[in-house]
Each structure stands twice: as structure tokens, then as C-alpha cells.
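Contents: one structure, followed by commentary.
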Amino acid sequence: MKITFLGSGGGRFSAISQRRMTGGFRIDNLGGKNYHVDPGPGALVRTYQFGFDPRNLSGVIVSHSHTDHYNDAEILIEAMTRGMTKGIGTIVGSESVLEGYEKWGPCISQYHQSKPQKIILKPNKYSQLNNLKIKGTGTEHGDPTGVGFQIDYRGFKLSYTSDTTYFDGLADYHEGADILIASVLRPGNRSINGHMCSKDFIKLINEVKPQVAVMTHLGLKMISSNPVSEAKKIYKKTGVKTIAAFDGLSFNVNYNNPKRFRLISLKDTQSIIHSVDQKLHKNERKNSYNLAFKHKEFDELSMVKKEK
């Protein structure tokens, strides 16, 4: 399994300023399937920028109805379903994401929900997602139906808190996690309503006792205070290997020994917009052309003529 962060920023002001990217993260080759989690603004562009293909997704997971978590979900669903022509993949989301709840959502249209399978996540509710189990985990955040999740793949557990304040019982949802990924908006003890700070994350790690902890969804104050230094402080307080996510961070997970990994910084060379390598430009165009035919992706005019 490989985890890649297509953005490590979070919160409305990080999203607006793009001081850090806000594309969420991918989980690839988890039981042979690929998932995109919380695809915020720029997720599609960042997918290509760091060398991935959105058409190979098996699922799109959206934790709640805030723009920095769902903005690019629909276009990724279109990629997953080959332009909404095939019933491929699964959308996993909170009640607000898929059905709407009071003033929140739905943030994925009925049209985009019409082809994939759907799973509505609720706290402590287990669902079968391809060849793994996924459980909704509770949050206390602006969206009352927002959820995190814990994925169980053959006994290996990956947890994601999503946006939440720290509360009594939060650790119970993530009990047994081998890897704990958390939204940590602010440094030190400077918490804000609906979000965790470093002090809160320390509490959570000490209770859950994961083998590896990852802090992401970093706000402007966290970014300005040096997230790597915060991660080192958290490690000293907990004894748990703690990673401060950065844009383009990728690492392979050893199921038997999650502590053994090597952090990789993906190069920004996969997009014509960002690359200055002309040879790559030619290969990119050639590969895109070949992939379009492989996936039977033709322009809409050709499709209309074919239907007639």
C-alpha cells in the first residue's frame, strides 16, 4: 500500500490562499484498489501533477460537506466512471455528502451518484468496501454528520480522523489503528473550535498508540510555525513516529512493520503546465492519446455520431 498526499493544507484560508495544496490524499494498492480521500480544490490537477491517473480509482471518499474536502469529488467520479458511462467504483461519504442534512450538502449531485455504488458512513457503522471493511468514526465539527473512518484490511488498520475537535471517546473510534492520519490545524495548544491542535493530537496518540502518526490538513498558523518541528515535539511527547505531511509526500506501507518506511518527495514533473522538460511534453501527449483510445474516450461529437 502507498499513501500519497496531493495536498497537506486545510481550512478555508489555506484553501483560498493555496499556501499548501488542498487535494487530499490517495491510498493506492490497498488490496489492489485505489482510493482518493477528501479531494479538495485542485485534487484533479495535483493527481496528474504528481504522476497519478484518476481513471484508475476504485473509490472516492468524502468525509463531510466542506469545500476543502469535497470540491473536486465530482470530476474524480467522472474520471472513475469513464465520463459517467460505466458503473465503476464506489462513493463513500457522510450523510450530508450523499443525501444532504439541513444546510449541509448534498455536495455530490444525483447525476454523479447514478453510476457508482454508494456507502453512507456513520459512526461505528461497518460497511464492506471491495475487499476491506470500513467503519465510520465520530467527529465534532461544523457538519453534524461529518465522519472519519477506519479501514481494516486483513487485520491491518488505517485510521483517518478528518476534521474534528478532540473529545472524550475520540480515541475509542480509532482503537487499534496501525497508522493514524489526523487533521491538525494549529500548533501547540492553540486549538480552534472543530479542529485539533498539536496538544490535542498528542492526547489522541497517547490513547490510540498507533505505530505511525501523520498530521495533515495544516492551517496557516501551523504552516507558519514549521510543521516538521511540531512533529518532532509530538514524537518526543509520545514516542510514536510522527510525520508532518507535505505536498507530494509519498510512502509505502509495510503491513508487517509499518514503522519501516522511507519518505519520498514526488517531483513536480508530470504536468505540462508545471514541467519544462520538452521531451516529457511529447511523451505526455503521446501517452494521453494512447490512453484515450485504450479507455475508449472520444470527444462528445464522435460519441453522438456513433450513437446515431
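Numbering of residues begins at 1 and proceeds along the displayed sequence. Predicted model only: the values in this text are computed from it and were never measured. Below, each value reflects all heavy atoms present in this structure, side chains not excepted, and no hydrogens, waters or symmetry copies.
Under a 3.5 Å cut-off, the side chain of D200 and the backbone N or O of Y166 do not form any donor-acceptor pair. Remark: side-chain polar atoms of E95 are not paired, donor with acceptor, to backbone N or O of V97 under 3.5 angstrom. Using modelled atom types, one side-chain atom of N34 and one backbone atom of N29 make a donor-acceptor pair closer than 3.5 Å. At least one donor-acceptor pair closer than 3.5 Å links the side chain of T145 to the backbone N or O of S96. Put simply, the side chain of T4 never gets that close to the backbone of S250: no donor and acceptor are under 3.5 Å apart. Judged by distance alone, with hydrogens and angles left aside, the side-chain atoms of T137 form a donor-acceptor pair with the main-chain N or O of F149 at under 3.5 Å. A distance-only check finds no donor-acceptor pair linking the side chain of S65 to the backbone of G100 [under 3.5 Å]. Without hydrogens or angle criteria, R82 side chain to R55 main chain gives a donor-acceptor distance under 3.5 Å. With hydrogens and angles ignored, the 3.5 Å screen pairs a side-chain donor or acceptor of D68 with a backbone N or O of G11. Listed for the D72 side chain is a donor-acceptor partner under 3.5 Å among the backbone atoms of A43.
Counting heavy atoms from C-beta on, the side chains of N254 and F261 never come closer than 4.5 Å. Contact check for S183 versus Y160: side-chain heavy atoms found under the 4.5 Å cut-off. Side-chain contact between R19 and I223: present, with at least one pair of heavy atoms (C-beta onward) separated by less than 4.5 Å. Looking only at side-chain heavy atoms (C-beta outward), I119 and T90 come within less than 4.5 Å of each other. By the 4.5 Å heavy-atom criterion applied to side chains, I88 and P116 are not counted as neighbours. Looking only at side-chain heavy atoms (C-beta outward), K157 and I151 stay at 4.5 Å or farther from each other. Between V212 and I243 the shortest side-chain heavy-atom distance falls below 4.5 Å. Using a 4.5 Å heavy-atom threshold, the side chains of M215 and E230 count as touching.
F25 and F5 have tilted rings, their planes meeting at an angle from 30° to 60° on a 0 to 90° scale. In this pair, H141 and H195 present their aromatic rings perpendicular. The plane angle is above 60°, beyond the 30 to 60° band. Aromatic ring pairs are classed by plane angle as parallel below 30°, tilted from 30° to 60° and perpendicular above 60°; the pair H66 and H64 is perpendicular.
Linking ILVMFWY side-chain heavy atoms closer than 4.5 Å, directly or via other members, places M1 and L57 in two distinct hydrophobic clusters. A continuous path of hydrophobic side-chain contacts links L158 to L132 [ILVMFWY only; heavy atoms under 4.5 Å]. Under the 4.5 Å side-chain contact rule for hydrophobic residues, L98 and V60 share a cluster. Grouping the Ile, Leu, Val, Met, Phe, Trp and Tyr side chains by contacts below 4.5 angstrom, directly or via other members, places V45 apart from I16. Hydrophobic clustering (side-chain heavy atoms under 4.5 Å, transitive across Ile, Leu, Val, Met, Phe, Trp, Tyr) groups F251 together with L30.
For F13, the CZ atom is loosely surrounded, since the number of other residues' heavy atoms within 6.0 Å does not exceed 12. Within 6.0 Å of atom CG in N193, 12 or fewer heavy atoms from other residues, nucleotides or ligands are found, so the atom counts as exposed in its surroundings. Crowding of Q211 atom CD: a count of heavy atoms from other residues, nucleotides or ligands under 6.0 Å exceeding 12. The environment of CD in Q18 is crowded: more than 12 heavy-atom neighbours from other residues, nucleotides or ligands sit within 6.0 Å. In K122, the NZ atom is not crowded: 12 or fewer heavy atoms of neighbouring residues, nucleotides or ligands sit closer than 6.0 Å. Dense packing is recorded around CZ of F167, with more than 12 heavy atoms of other residues, nucleotides or ligands lying under 6.0 Å away.
Neither side chain, S114 nor Q110, offers a donor N or O lying under 3.5 Å from an acceptor on the other. For the 3.5 Å distance criterion, the side chains of H174 and Q150 fail to qualify, holding no donor opposite an acceptor. Inspection of the S63 and S162 side chains reveals an N or O donor paired with an N or O acceptor under 3.5 Å. Between D178 and Y153, the side chains place no donor N or O within less than 3.5 Å of an acceptor N or O (distance only, hydrogens not considered). Looking at R20 and S8, their side chains do bring a donor and an acceptor atom within 3.5 Å of each other.
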Could you go step by step and tell me if K221 and I192 meet the side-chain contact (heavy atoms from CB on, under 4.5 Å) rule?
-> CA-CA 11 Å; K221 284 185 169 59; I192 186 173; over 6 Å; no
Could you check K133 against S127 for side-chain contact (heavy atoms from CB on, under 4.5 Å), going step by step and ending with a plain yes or no?
-> CA-CA 6 Å; K133 287 193 299 184; S127 298; over 6 Å; no
Determine, stepwise, if the pair L263 / L249 fulfils side-chain contact (heavy atoms from CB on, under 4.5 Å).
-> CA-CA 7 Å; L263 299 182; L249 164 67; 3.6 Å; yes
Check the pair M80, K115 against side-chain contact (heavy atoms from CB on, under 4.5 Å), reporting the backbone distance first and the verdict last.
-> CA-CA 10 Å; M80 180 173 69; K115 291 294 183 179; over 6 Å; no
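Note that the CG atom of L185 and the OG atom of S198 stand 10.0 Å from one another [nearest 0.5 Å]. Here the SG atom belonging to C197 is positioned 9.5 Å from the CZ atom belonging to R190, to the nearest 0.5 angstrom. Here the straight-line distance linking atom CD1 of I108 with atom OH of Y111 works out to 14.0 Å at 0.5 Å rounding. Separating the OG1 atom in T22 from the CG atom in L6 is a distance of 10.5 Å, to the nearest 0.5 Å. Separation of atoms CD (E78) and CE (M84) is listed at 7.0 Å; rounding is to 0.5 Å.
Within the structure, ring-ring contact (aromatic ring centres under 6.0 Å, His included) contacts touching residues 210-248 (residues at least two apart or in different chains) are H69-H217.
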